[in-house]
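Just so it is clear, the structure is predicted and the values come from calculations on it, not from any experiment.
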Amino acid sequence: MVAPYANWITRKAPWLEPFGILALLSVLIAVPAFLMIRVLEPGLVLPALSILLFAEAAIAAIVARSIHVHGNSDNLTVWNIAGAFAMMGCAAAIFSEPDQVALFFEQPVEQHPDTPP
């Protein structure tokens with residue numbers, strides 16, 4: 001009597017795997033995003049968020065590649081999650097201004113006394 005229930009659970013288990021990975025990646029994105037909002041200036045949040053989302057998309061794509069997920073499945077796959085993160089990263093990059101991106105990547109250059117200006 002236990003066997004049919006065990007078969008049902010193992011048959012439905014692969015469907016829950018992408019949601020577990022989505023939950024893990026969402027937690028991994030929520031904590032740095034919260035810290036970025038609290039630490040960075042408001043103009044620098046969108047460029048930093050776009051970089052974070054692109055990094056999460058790359059991590060999700062590496063996970064999908066390493067566990068050999070087929071992209072032509074009817075269910076939600078890790079490839080779909082990677083694509084969603086990439087699309088959100090593109091949206092954050094589009095909504096950020098070029099000046100904000102330049103400020104984000106700008107590093108103070110210190111002149112040494114022995115180098116000419």
Give me the atom names and distance for the closest heavy-atom approach of Trp79 to Ala64.
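That closest heavy-atom pairing would be CE2-CB, 3.6 Å.
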Taking every heavy atom of Ala82 against every heavy atom of Ala57, the minimum-distance pair comes out as O-CB, 3.4 Å
Between atom [atom1] of [X] and atom [atom2] of [Y], what is the distance when rounded to the nearest 0.5 Å?
X: Ile81; Y: Leu24; atom1: CD1; atom2: CG; answer: 10.0 Å
X: Phe85; Y: Ile29; atom1: CZ; atom2: CD1; answer: 4.5 Å
X: Leu52; Y: Leu35; atom1: CG; atom2: CG; answer: 10.5 Å
X: Leu40; Y: Leu49; atom1: CG; atom2: CG; answer: 10.5 Å
X: Met87; Y: Leu53; atom1: CE; atom2: CG; answer: 12.0 Å

Val63 reachable from Leu28 in the ILVMFWY side-chain graph, under 4.5 Å edges:
yes
Common cluster, Val78/Ile62, ILVMFWY with side-chain heavy-atom separation under 4.5 Å:
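Per the 4.5 Å side-chain linkage, Val78 and Ile62 are not co-clustered.
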Side-chain contact, heavy-atom cut-off 4.5 Å: Phe95 with Ser50?
no
